[in-house]
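A quick write-up on the structure given underneath.
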Amino acid sequence: MNAADLFTVDRKRALNAANEAMALVYGRLTDAQRLTLILLSKGYDCAQAGEVSGTTANTQASHRKAVYRKLEVDSAPEAAVIAAKAGLV
């Protein structure tokens, strides 16, 4: 296998990962949960995200829990990786 073949294989893997992330984000999350995912990916805490979205910090905490559960992750950084792969941030 030459360098061009390796590049093609890596590119296909990256595209597959992006497609899987997009399917997770758009297939499982509501619009409000996607906004929460974007904001947590940008480092907003629940209070800040609530101010931006016009909701309370408690609502944002509930959305975060739902995002983590639906994406099957345990932390904001893990969720942010999926958001990045899906092209949200």
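The basis for the numbers below is simple: all heavy atoms, side chains too, and nothing from hydrogens, waters or symmetry mates. Because the structure is a prediction, the values reported are computed rather than measured.
Rounding to the nearest 0.5 angstrom, the gap separating the CD atom in Gln33 from the CG atom in Leu71 is 9.0 Å. Within the model, atoms SG of Cys46 and NE2 of His63 stand 10.0 Å from one another, a figure rounded to the nearest 0.5 Å. Between atom CZ of residue Arg64 and atom CG of residue Leu39 there is a gap of 8.5 Å, rounded to the nearest 0.5 Å. Atom CD of Gln60 and atom OG1 of Thr36 lie 3.5 Å apart (nearest 0.5 Å). The CD1 atom of Ile38 lies 11.5 Å from the OG atom of Ser53; values are rounded to the nearest 0.5 Å.
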Criterion side chain to side chain contact (heavy atoms under 4.5 Å, CB included) on Ile82 and Glu78, from CA distance to verdict: CA-CA 7 Å; Ile82 292 174; Glu78 289 176 298; over 6 Å; no
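When the side chains of ILVMFWY residues are joined at heavy-atom separations under 4.5 Å, either directly or via intervening members, Val67 and Leu88 end up in a single hydrophobic cluster. Under a hydrophobic clustering in which Ile, Leu, Val, Met, Phe, Trp and Tyr are joined whenever their side-chain heavy atoms come within less than 4.5 Å, directly or via other members, Leu37 and Tyr44 fall into different clusters. Linking ILVMFWY side-chain heavy atoms closer than 4.5 Å, directly or via other members, places Val52 and Val89 in two distinct hydrophobic clusters. When hydrophobic clusters are built by joining Ile, Leu, Val, Met, Phe, Trp and Tyr residues whose side-chain heavy atoms come closer than 4.5 Å, directly or via intermediates, Leu35 is not grouped with Val81.
Looking at Thr55, its side chain never comes within 3.5 Å of a backbone N or O of Glu51 through a donor-acceptor pair. Side-chain N or O atoms of Lys70 include one that pairs as donor or acceptor with a backbone N or O of Arg28 at under 3.5 Å. Here the side chain of Tyr68 pairs a donor or acceptor atom with the backbone of Ala76 at under 3.5 angstrom. Within the 3.5 Å criterion, the main-chain N or O of Asp45 finds a donor-acceptor partner in the side chain of Gln48.
No side-chain donor-acceptor contact under 3.5 Å links Ser62 and Thr59.
Crowding of Lys85 atom NZ: a count of heavy atoms from other residues, nucleotides or ligands under 6.0 Å not exceeding 12.
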